[in-house]
There are 2 protein chains.
Amino acid sequence: MNTLAEENYLKCIYHLSADAGIVSTNQIAASLNTKASSVTDMLKKLADKVLINYTRYQGVSLTPAGEKIAVGIIRKHRLWEYFLVEKLNFKWDQVHDMAEEMEHISSEELIDRLDEFMGHPKHDPHGDPIPDCNGKFKSAELKPLSTLTVNQCGVISGVRDHSSPFLQYLEKQQLTIGKTITITDIIEYDHSVALKLEANKEIHISREVANNLLIAL
Amino acid sequence: MNTLAEENYLKCIYHLSADAGIVSTNQIAASLNTKASSVTDMLKKLADKVLINYTRYQGVSLTPAGEKIAVGIIRKHRLWEYFLVEKLNFKWDQVHDMAEEMEHISSEELIDRLDEFMGHPKHDPHGDPIPDCNGKFKSAELKPLSTLTVNQCGVISGVRDHSSPFLQYLEKQQLTIGKTITITDIIEYDHSVALKLEANKEIHISREVANNLLIAL
DNA sequence: TAAAAAATTTAGACTAATCTAAAATATGGA
DNA sequence: TCCATATTTTAGATTAGTCTAAATTTTTTA
Ligand SMILES: [Mn+2]
Ligand SMILES: [Mn+2]
Ligand SMILES: [Mn+2]
Ligand SMILES: [Mn+2]
């Protein structure tokens with residue numbers, strides 16, 4: 001099997017290539033808080049195992065084998081996050097670091113049974129889709145709240161920033177997954193947004209928050 | 001914190017010293033499937049961290065700090081085994097290897113909530129006691145079935161061999177934790193044992209099996 | 001299109017954990 | 001008590017993963 005470090009690199013490359021397609025050494029180094037030279041060493045190893053496509057100086061992408069492993073790890077990460085929130089009553093801002101460890105528990109059988117135990121959830125506590133046991137999943141088309149216009153309405157369905165401070169802020173403002181919102185005003189000066197929650201509660205959020213909140217229309 | 005290898009050494013020393021008090025380098029090497037020279041290296045490191053008492057050539061014992069860590073790992077191991085059997089419907093012979101990985105998940109909060117989620121179980125699927133969140137537990141006084149005499153009766157409460165083949169054999173014979181048995185005969189020639197289960201089912205087991213089945217009187 | 005700057009790789013070193021082979025120490029039987 | 005044997009430790013390597021510093025390649029820009 002693969003080492004913990006290898007798994008983390010594959011997962012990282014998977015996430016980065018969602019945006020970019022081809023991923024650079026420096027992007028990986030920044031994302032993993034490591035040095036570019038360490039990344040190069042690992043890329044050689046992953047290329048030897050045919051888990052990535054790699055040519056010197058040209059960046060990397062996952063092979064089908066590498067992608068399969070990455071998706072498997074993401075499945076485990078999100079299922080454990082769901083477990084921690086739904087069964088052990090953690091808050092959505094507390095579970096990521098624990099899931100970072102738990103995603104490396106190797107048993108497939110274990111994760112499939114966990115999936116079944118929880119009723120095959122489709123989304124993790126942050127709105128991210130959970131791949132099924134074949135690695136299949138469809139990501140809903142979500143737009144940053146900042147791209148909506150006045151009077152548009154939609155459902156909060158994901159976040160682009162998974163950090164605790166952001167998630168805690170959202171929780172406090174009741175801006176949680178599943179809530180319906182309607183844009184009431186956009187302040188031109190600073191691009192901040194006024195919006196209405198259910199129960200007619202009015203909220204005012206900054207451009208930065210609006211950028212990191214994902215909405216299904 | 002401690003590395004995975006360090007945690008495994010501490011747990012190993014804890015289990016070995018239950019029998020012996022002081023534990024030898026070779027005992028540890030045999031138990032961990034490693035070489036005595038590797039053990040010596042690790043013992044120096046653990047002694048530097050004041051987790052074991054170690055003097056060259058004299059064997060080791062755990063310090064209070066080392067014992068606390070070891071008991072914490074054993075708590076995690078047994079709680080995860082309980083979870084796998086009670087919530088995910090694994091058989092008692094399937095869970096040990098998975099728990100070997102899960103016992104290294106670091107969060108204390110996680111394990112305490114898991115404990116609560118399951119209703120603070122007192123014993124794992126193999127009858128071993130589960131330490132509470134302060135590391136306290138009492139091990140019942142159990143005797144190998146082989147030490148009982150004819151007509152004595154008792155309750156199956158633990159096993160000394162945790163291997164899959166043994167556990168599967170017990171399951172097939174319905175010799176599982178909680179069952180009441182009565183000795184009906186002891187064959188002098190090979191020290192094999194005849195016994196009666198509930199529902200008057202008669203079973204005949206070898207001396208070896210009798211040695212590895214633990215009974216509460 | 002040739003520097004200059006940025007990105008990436010290589011070279012050489014370090015730590016943790018392991019190994020084999022050799023040396024040191026302890027132990028038990030004559 | 002002494003020596004043969006068993007146990008344990010030391011010495012010297014190895015592998016995975018990381019680092020810094022230097023060299024190389026690519027990209028930008030003037
Ligand atoms: Mn996460
Ligand atoms: Mn998540
Ligand atoms: Mn076990
Ligand atoms: Mn057990």
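When reading the values below, keep in mind they use all heavy atoms of this one structure, side chains included, and skip hydrogens, waters and symmetry mates. Since the model is a prediction, treat every value here as computed from it, not as a measurement.
- Looking at K76(A) and D112(A), no side-chain N of the basic residue comes within less than 4.0 Å of a carboxylate O on the acidic one, giving no salt bridge.
- Remark: C1' of dA16(D) and CG of L4(B) are 15 Å apart, rounded to the nearest angstrom.
- Within the structure, every pair that satisfies the side chain to side chain donor-acceptor pair (under 3.5 Å) test and touches residues 128-139 of chain A, not counting sequence neighbours, is listed here: D128(A)-H162(A).
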Checklist entry - What string of B, S and - do you get for nucleotides 3-8 of chain D, 5' to 3', when a contact is any protein heavy atom under 4.0 Å? => result ----SB
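- A tilted orientation is assigned to the rings of F83(A) and W80(B), their planes being inclined by 30° to 60°.
- With sequence neighbours left out, R113(B) forms a salt bridge (Lys or Arg N to Asp or Glu O under 4.0 Å) with E109(B).
- Within residues 8-16 of chain B, no residue places a heavy atom under 4.0 Å from DNA chain D.
- When N212(A), N211(A), V193(A) are each tested for a side-chain contact (heavy atoms from CB on, under 4.5 Å) with I205(A), only one passes: V193(A).
- Taking only side-chain nitrogens and oxygens, K35(B) never comes nearer than 4.0 Å to OP1 or OP2 of dA21(C).
- Taking atom CD of E6(A) as the reference point, atom C1' of dT15(D) lies 12 Å away to the nearest angstrom.
- Regarding L46(A), its CG atom lies at a distance of 16 Å from the C1' atom of dT9(C), rounded to whole Å.
- When each of A5(A) and S37(B) is assigned the nucleotide of DNA chain D bearing its nearest heavy atom, the one mapping closer to the 5' terminus is S37(B).
- Remark: E171(A) CD is packed, more than 12 non-hydrogen atoms of other residues, nucleotides or ligands lying under 6.0 Å away.
- Remark: aromatic rings of H96(B) and H126(B) are distant, center separation not under 6.0 Å.
- Of all heavy-atom pairs spanning L46(B) and I13(B), the tightest one is CD1-CD1, 4.5 Å.
- Salt bridge annotation for E103(A)-R75(A): absent, with no cationic side-chain nitrogen under 4.0 angstrom from a carboxylate oxygen.
- Taking side-chain N and O atoms only, S38(B) has a distance below 4.0 Å to OP1 or OP2 of dC19(C).
- Applying the salt bridge (Lys or Arg N to Asp or Glu O under 4.0 Å) criterion to E100(B), with sequence neighbours excluded, gives K11(B).
- Checking the phosphate oxygens (OP1, OP2) of dC19(D), a side-chain nitrogen or oxygen of T34(A) falls inside 4.0 Å.
- Here dT8(C) presents its P atom at 10 Å from CG of L43(A), a figure rounded to the nearest Å.
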Shorter than 3.5 Å, N or O on both sides, protein versus nucleotides 13-15 of chain C: list them out with atom names.
none

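- Both tests pass for K87(B) against the ring of F117(B): distance under 6.0 Å to the centre and angle within 45° of the axis.
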